[in-house]
Amino acid sequence: MRDEFRNEPLTNFRVPENKQAFQAALNKVESELGKEYDIIIGGERIKTEQKIRSINPSNKEQVIGLVSKADRALAEKAIQTAAKTFESWKAVPGEARARYLYKAAAILRRRKHEFSAWMVKEAGKSWAEADADTAEAIDFLEYYGRQMDKLAQRQPLVRIPTEDNEMYYIPLGVGVIIPPWNFPLAIMVGMTSSAIVTGNTVVLKPASTTPVIAAKFMEVLEDAGVPAGVVNYLPGSGGEVGDFLVEHPLTRFISFTGSRDVGLRINELASKRSPGQKWIKRLIAEMGGKDSIVVDNDCDLEAAAQAIVNSAFGFSGQKCSACSRAIVHQDVYDQVLNRVVELTKELTVGDVANPEFYTGPVIDEGAYNKILEYIEIGKQEGKLVAGGEKGPDTGYFIQPTVFADVDPQARIMQEEIFGPVVAFSKARDFDHALEIANNTEYGLTGSVFSRNRANLEKARTEFHVGNLYFNRKCTGALVGVHPFGGFNMSGTDSKAGGPDYLLLFTQAKVVSELL
């Protein structure tokens with residue numbers, strides 16, 4: 001019997017030994033930059049002429065790695081290989097599949113700083129953000145292993161004396177895993193491990209901006225002894241292989257984390273039956289948010305201001321849970337706004353390989369240009385009170401930006417920017433604040449700062465988000481503690497890291513025998 005699940009501790013970088021160990025990991029990663037990485041299908045390593053060129057968003061001249069790029073023929077090979085491997089993998093007992101996850105967690109724990117260092121380089125994450133990402137990946141492996149152990153046990157049913165009845169959770173089949181770049185290890189690991197521990201085989205199409213981290217995780221799976229063909233590593237473009245994988249008749253489910261528009265496209269494609277398809281495809285999707293922190297007039301204003309800044313500007317606001325809307329009671333609006341501006345102006349922006357910098361770049365040129373366009377829109381829709389400028393031109397740096405006095409219906413209050421931009425809107429009272437908070441098409445995270453119990457209870461029932469926090473920031477969900485997923489256009493509310501998540505990758509079968 002395994003110990004009860006506990007979250008992986010975060011690294012304290014104030015301890016000199018930890019700081020030295022992380023710097024050593026960064027040096028190791030530096031020595032490995034620019035290598036080539038192959039497609040992996042059924043354990044076979046395949047090189048292609050076309051490459052995905054992964055670069056460091058903090059230093060546009062630095063190549064992280066060159067990754068072979070798949071075409072449709074290789075996508076077909078990956079699907080067929082996964083389908084063939086499924087026939088043997090589904091017969092492996094659930095407890096045995098869980099042991100692969102425990103082994104992978106142990107390997108990842110030993111290589112913790114190394115993986116975090118890769119994220120500093122490939123994703124532009126600060127030391128602390130990268131460390132939290134790796135810890136979350138370990139958490140997913142440990143947590144889903146334990147959940148599978150429970151799922152594999154005899155399920156409780158009403159018993160009758162004349163029959164032996166049994167309910168089993170069996171795997172679905174071949175899945176397509178399409179993870180995001182912003183949590184290139186944690187979410188990718190969680191999406192992949194949940195699918196395979198339940199007995200499915202998968203084609204993993206990593207994000208094109210962070211494919212090296214996924215290639216490194218393939219090393220972990222191989223070291224853990226996961227059989228070839230259970231996870232097939234297939235970097236490629238959405239247009240070339242993504243749609244093909246989603247539409248393929250052998251694809252049984254798609255697990256996706258990314259933007260609303262891409263998620264809706266996948267949903268549309270998956271809903272159409274392809275020739276030879278024998279099932280209704282299942283979609284597990286997390287599609288972003290437009291998240292609000294509501295500040296009441298009787299709360300700890302300093303705590304609220306700190307939470308807004310941390311939630312809005314950690315990892316340059318590139319989290320689906322990030323605070324991009326601050327909705328503040330008119331009585332305390334100026335105080336909170338002024339304090340947020342002060343804190344924002346203290347933030348340091350630069351190459352996060354240097355731990356002195358709080359936040360780093362946005363992920364690539366496309367994101368950089370899009371966010372700068374939104375900042376120009378914000379200048380027309382509100383009052384620019386902090387930031388609004390580019391950072392150092394060596395990378396995709398944007399200064400943390402605050403807009404004040406923004407109308408609740410303005411574009412920067414409604415559209416997901418996915419960058420270091422937060423908009424302030426003034427509320428007449430708490431009811432008005434909740435009305436504004438609920439006025440978007442999303443429903444992922446939200447936070448309320450208040451000492452008024454009646455208002456908190458009202459928010460508990462009326463603030464329509466999947467993850468609601470009281471008197472704390474709206475980012476930083478922990479596996480097992482805060483099952484994560486949202487409503488409306490934020491996705492299918494799949495609750496990753498929760499006790500019912502693995503059920504999404506299974507189907508229940510009942511067998512009855514007359515005694």
Side-chain angles (χ1 to χ4, degrees), residues 1-5 8 40-43 78-79 81-110 136-155 166-177 179 185-204 214 217-233 250-255 282 284 479-480 494-509 511:
M1 191 70 178
R2 293 203 165 258
D3 294 340
E4 185 178 344
F5 170 78
E8 180 72 13
I40 304 174
I41 300 175
I79 286 279
T81 300
K84 182 179 179 181
T85 308
F86 175 66
E87 295 307 314
S88 57
W89 181 244
K90 69 181 181 181
V92 176
E95 298 95 329
R97 295 194 299 261
R99 283 193 283 273
Y100 286 107
L101 266 60
Y102 298 138
K103 180 66 173 177
I107 295 167
L108 188 54
R109 193 176 284 112
R110 288 193 288 271
E136 187 176 6
I138 294 168
D139 282 350
F140 276 128
L141 292 166
E142 294 280 3
Y143 183 81
Y144 290 147
R146 285 165 174 77
Q147 290 301 310
M148 189 64 232
D149 284 339
K150 293 177 182 178
L151 206 60
Q153 295 170 10
R154 185 179 176 95
Q155 301 300 311
E166 203 65 52
M167 185 170 77
Y168 308 88
Y169 289 103
I170 64 173
L172 296 173
V174 175
V176 176
I177 308 296
L185 186 63
I187 294 181
M188 181 269 298
V189 168
M191 294 168 71
T192 303
S193 63
S194 56
I196 67 172
V197 78
T198 44
N200 305 286
T201 55
V202 302
V203 177
L204 168 61
F217 181 62
M218 290 298 292
E219 296 176 0
V220 171
L221 294 179
E222 290 173 344
D223 288 349
V226 175
V230 172
V231 179
N232 301 279
Y233 173 73
L250 290 181
T251 295
R252 181 64 180 82
F253 67 92
I254 303 101
S255 183
R282 189 174 296 181
I284 303 101
V479 173
S494 50
K495 290 304 180 202
D500 56 356
Y501 188 69
L502 293 189
L503 296 178
L504 299 172
F505 303 90
T506 68
Q507 48 196 350
K509 180 177 182 177
V511 178

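Below, each value reflects all heavy atoms present in this structure, side chains not excepted, and no hydrogens, waters or symmetry copies.
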- Item | side chain to side chain contact (heavy atoms under 4.5 Å, CB included) against Y169, all qualifying residues, sequence neighbours excluded | L151, Q155, M167, L503, T506, A508
- Message: Holding to side chain to side chain contact (heavy atoms under 4.5 Å, CB included), I want the full list of residues that pass it with P171, two or more places apart in sequence or in another chain.
- Response: F86, K90, N200
- Message: Could you report the tightest heavy-atom contact between A152 and G94, atom names first, then the distance?
- Response: CB-CA, 4.3 Å
- Message: Could you work out, with side chain to side chain contact (heavy atoms under 4.5 Å, CB included) as the rule, every residue matching L250, not counting sequence neighbours?
- Response: I79, Q80, A83, H248
- Task: Count the heavy atoms of every other residue, nucleotide or ligand shown that sit under 6.0 Å from CD of E4, and state whether that count exceeds 12.
- Result: no
- Quick one: does L204's side chain get under 4.5 Å of N232's, heavy atoms only? no
- A104 and A224 have their tightest heavy-atom pair at N-CB, 3.8 Å
- Note on the structure: In short, Y144 meets G497 closest at the heavy-atom pair OH-N, 2.8 Å
- Note on the structure: Scanning both residues in full, the closest heavy-atom pair of S194 with Y501 reads OG-CE2, 3.4 Å
- Where do D3 and R146 come nearest, in terms of heavy atoms and distance? O-NE, 2.8 Å
- Task: Applying ring pair (Phe, Tyr, Trp, His ring centres under 6.0 Å), name anything that partners F5, two or more places apart in sequence or on another chain.
- Result: Y143
- Item | Contacts of type side chain to side chain contact (heavy atoms under 4.5 Å, CB included), residue A195, not counting sequence neighbours | I177, V202, F253, F505
- Does T201 use its side chain to pair, donor to acceptor, with the backbone of V230 at less than 3.5 Å? no
- Item | Test item: Y102 side-chain N/O and G145 main-chain N/O as donor-acceptor pair under 3.5 Å | yes
- Query: Which pairs pass salt bridge (Lys or Arg N to Asp or Glu O under 4.0 Å) with one or both residues in residues 220-231, sequence neighbours excluded?
  - Reply: R45-E222
- Message: Taking salt bridge (Lys or Arg N to Asp or Glu O under 4.0 Å) as the cut-off, I'd like each qualifying pair that reaches into residues 94-109, sequence neighbours left out, listed once.
- Response: E8-R109, R109-E142
- Item | Qualifying residues under ring pair (Phe, Tyr, Trp, His ring centres under 6.0 Å), relative to Y233, sequence neighbours excluded | none
- Task: Apply the test side-chain contact (heavy atoms from CB on, under 4.5 Å) to residues E136 and V189: give CA-CA distance (whole Å), side-chain angles for both, the deciding distance (0.1 Å), then the verdict.
- Result: CA-CA 9 Å; E136 187 176 6; V189 168; over 6 Å; no
- Could you tell me which residues satisfy side chain to side chain donor-acceptor pair (under 3.5 Å) with Y168, sequence neighbours excluded, listed by chain and number? none
